[in-house]
Amino acid sequence: MGHRLADTSTPARLAAPDEGIGRDELALATRNHGLPLEAMRHDLTPPGLHYVLTHYDIPYVPEDTPWRLGVGGRVRRPLTLTPAELRSLPRVTTRVTMECAGNGRALLTPRPVSQPWLVEAVGTAEWTGVPLRLLLAEVGVEADAVDVVCTGADHGVERGVEQDYQRALPLGVATGTEPDVLVAYEMNGTPLPPQHGHPLRLVVPGWYGMAHVKWLREITVTDTPFTGFQQTVAYRLRQHPGDEGEPVTRIAPRALLVPPGFPDFMSRARVVRPGAVTLEGRAWSGRAPVTRAEVSTDAGQSWHEAELEPDAGHRWAWRRWRFNWRAEPGAYVLSARATDAEGHTQPLEQPWNRGGFVNNLVQRVEVLCLDEESGG
Ligand SMILES: Nc1nc2c(c(=O)[nH]1)N[C@H]1C(S)=C(S)[C@@H](COP(=O)(O)O)O[C@H]1N2
Ligand SMILES: [Mo]
């Protein structure tokens, strides 16, 4: 007798054709939260409005908790550092748009059952910390090193596998300078809040959220590719449960609209009055700089060039775009589409995979333009 965890080979579940969001998805959706899209007006997402995703529990780390970051494995001089010691090392601040790889999942058919994001799993912050490459240079990586495994302090069970949250970066990414991967201790100039990884987290500009390990306590250099759950079971693009699948890495391009006008409480559909309506939004890509944003007012049948705000040099952050729309009475579906310097853009057909990852299908925003100039 005794209790056992579920079979470790359980694949993630797909919802049945007419199955609504269930209690398990609701429980995730109330713990984790998205960016209210109107907050995309801010260049930097204000505290508390940045999206949050945590697989297990948020660790309780009061101020007087002695925290140690170990750096070891295939290195010549293993190190243990306190957050205070990290703060005395050279610091870098980078503005980064972070997005969950599962963003857009709940819009897929069939729907993979997991955190049911619509399109709001994104935020932009300035992260301050020590470049990971400096720490790795300090410890002296052995010649046979291949992966840098990052371990968080949170612990849980996922599809039957009990685990610490762990993700690896290839050595070349961990020691790269384009971008600098950071061991961050500040978000927007203040110590990390609990939900964003206090006291230390990894920040990997341009990569989907799963790589940015929060509550970072251990960095381990390995001489074999890391095969942990979050690397080889989760976060892979699979059509069938048995596929090996491609790993999820960098953020695919996406543009979103700041919702125009005002909302209907229940449907969230938008209402505008006839006349000039300035549409605005954000566009980003972790693969190459965004070079183009387009807008459609007819559900993606025709596209118009939007004006991208001047490049302010924040390569890893979203860019604002604007478009002047002349709204006439009627019902519309508004969309926006980003293209980056490598020509990656967004599809009009859903890019489906079993995990519901990297779904950058163009957004659809239903808008009703009223008949008269003034409402009642
Ligand atoms: N230790 C730990 N790090 C983690 C996670 C986690 O559950 N545990 N979730 C990851 C995922 S899937 C995402 S999308 C981002 C979310 O970061 P945020 O909550 O700061 O926005 O954190 C990543 N880092
Ligand atoms: Mo995520």
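Ligands are counted one by one from 1 in listed order, and the atoms in each one are counted from 1 as well.
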| message | Could you tell me if Glu162 and His155 have a donor-acceptor pair between their side chains, going purely by distance under 3.5 Å? | response | yes
| field | Under 3.5 Å: N/O of Tyr56 near N/O of ligand 1 | value | no
| said: How far is atom 15 (C) of ligand 1 from the closest protein heavy atom, and which atom is that? | reply: Gly209 O, 3.5 Å
| query | For Trp117, is the nearest heavy atom under 4.0 Å from an atom of ligand 1? | reply | no
| Centroid separation Trp325 to Tyr332 less than 6.0 Å | yes
| said: Please report whether ligand 1 has a polar contact with Trp215, defined as an N or O pair separated by less than 3.5 Å (distance criterion only). | reply: no
| request: Kindly indicate, with the supporting measurements, whether the criterion salt bridge (Lys or Arg N to Asp or Glu O under 4.0 Å) is fulfilled by Glu307 and Arg322. | output: CA-CA 5 Å; Glu307 189 192 331; Arg322 285 202 173 83; over 6 Å; no
| message | If the cut-off is 4.0 Å to any non-hydrogen atom of His50, which atoms of ligand 1 fall inside it? | response | 21 (O)
| Are Ile251 and Leu118 linked, directly or through other ILVMFWY residues, by side chains that come within less than 4.5 angstrom of each other? | yes
| Backbone N or O of Trp318 within a donor-acceptor pair of the Thr97 side chain at under 3.5 Å? | yes
| Nearest protein heavy atom to atom 19 (O) of ligand 1, by residue and atom, and its distance? | Lys214 NZ, 2.6 Å
| query | Is there at least one pair of N or O atoms, one from His196 and one from ligand 1, spaced under 3.5 Å apart? | reply | yes
| Any sub-3.5 Å donor-acceptor pair from Gln239's side-chain atoms to Trp352's backbone N or O? | yes
| said: Using a 4.0 Å cutoff against the non-hydrogen atoms of Cys100, which atoms of ligand 1 qualify? | reply: 14 (S)
| message | For a quick check under 3.5 Å, do Thr124 and Thr45 share a side-chain donor-acceptor pair by atom type? | response | no
| query | For atom 8 (N) of ligand 1, what's the nearest protein heavy atom and its distance? | reply | Asp154 OD2, 2.6 Å
| note | protein heavy-atom neighbour closest to atom 10 (C) of ligand 1 works out as Tyr165 OH, 3.6 Å
| query | atom 9 (N) of ligand 1: which protein heavy atom is closest, and how many Å away? | reply | Leu53 O, 3.5 Å
| task | Establish, from distance only, whether the side-chain atoms of Gln230 and Glu158 form a donor-acceptor pair under 3.5 Å. | result | yes
| query | Is the shortest N/O to N/O distance between Met98 and ligand 1 below 3.5 Å? | reply | no
| Would you say ligand 1 has an N or O under 3.5 Å from any N or O of Tyr51? | yes
| Would you say His55 and ligand 1 have an N/O pair spaced under 3.5 Å apart? | yes
| task | Please confirm whether the backbone N or O of Asn359 pairs with a side-chain atom of Arg254, one donor and one acceptor, at under 3.5 Å? | result | yes
| field | N-O pairing of Arg41 and Glu280 below 4.0 Å | value | yes
| message | Show the atoms of ligand 1 that are less than 4.0 angstrom away from any heavy atom in Thr54. | response | 7 (O)
| task | Report the C-alpha separation of Asp154 and Arg217 in whole Å, then their side-chain angles, then the decisive distance to 0.1 Å, and conclude whether the salt bridge (Lys or Arg N to Asp or Glu O under 4.0 Å) test is met. | result | CA-CA 10 Å; Asp154 48 333; Arg217 61 171 185 78; over 6 Å; no
| query | Would you call Arg201 a ligand 1 contact, heavy-atom distance under 4.0 Å? | reply | yes
| query | In terms of residue, atom name and distance, what is the protein heavy atom nearest to atom 12 (S) of ligand 1? | reply | Tyr235 OH, 2.9 Å
| said: Checking a contact table here: which protein heavy atom is nearest atom 24 (N) of ligand 1, and how many Å away? | reply: His212 O, 3.0 Å
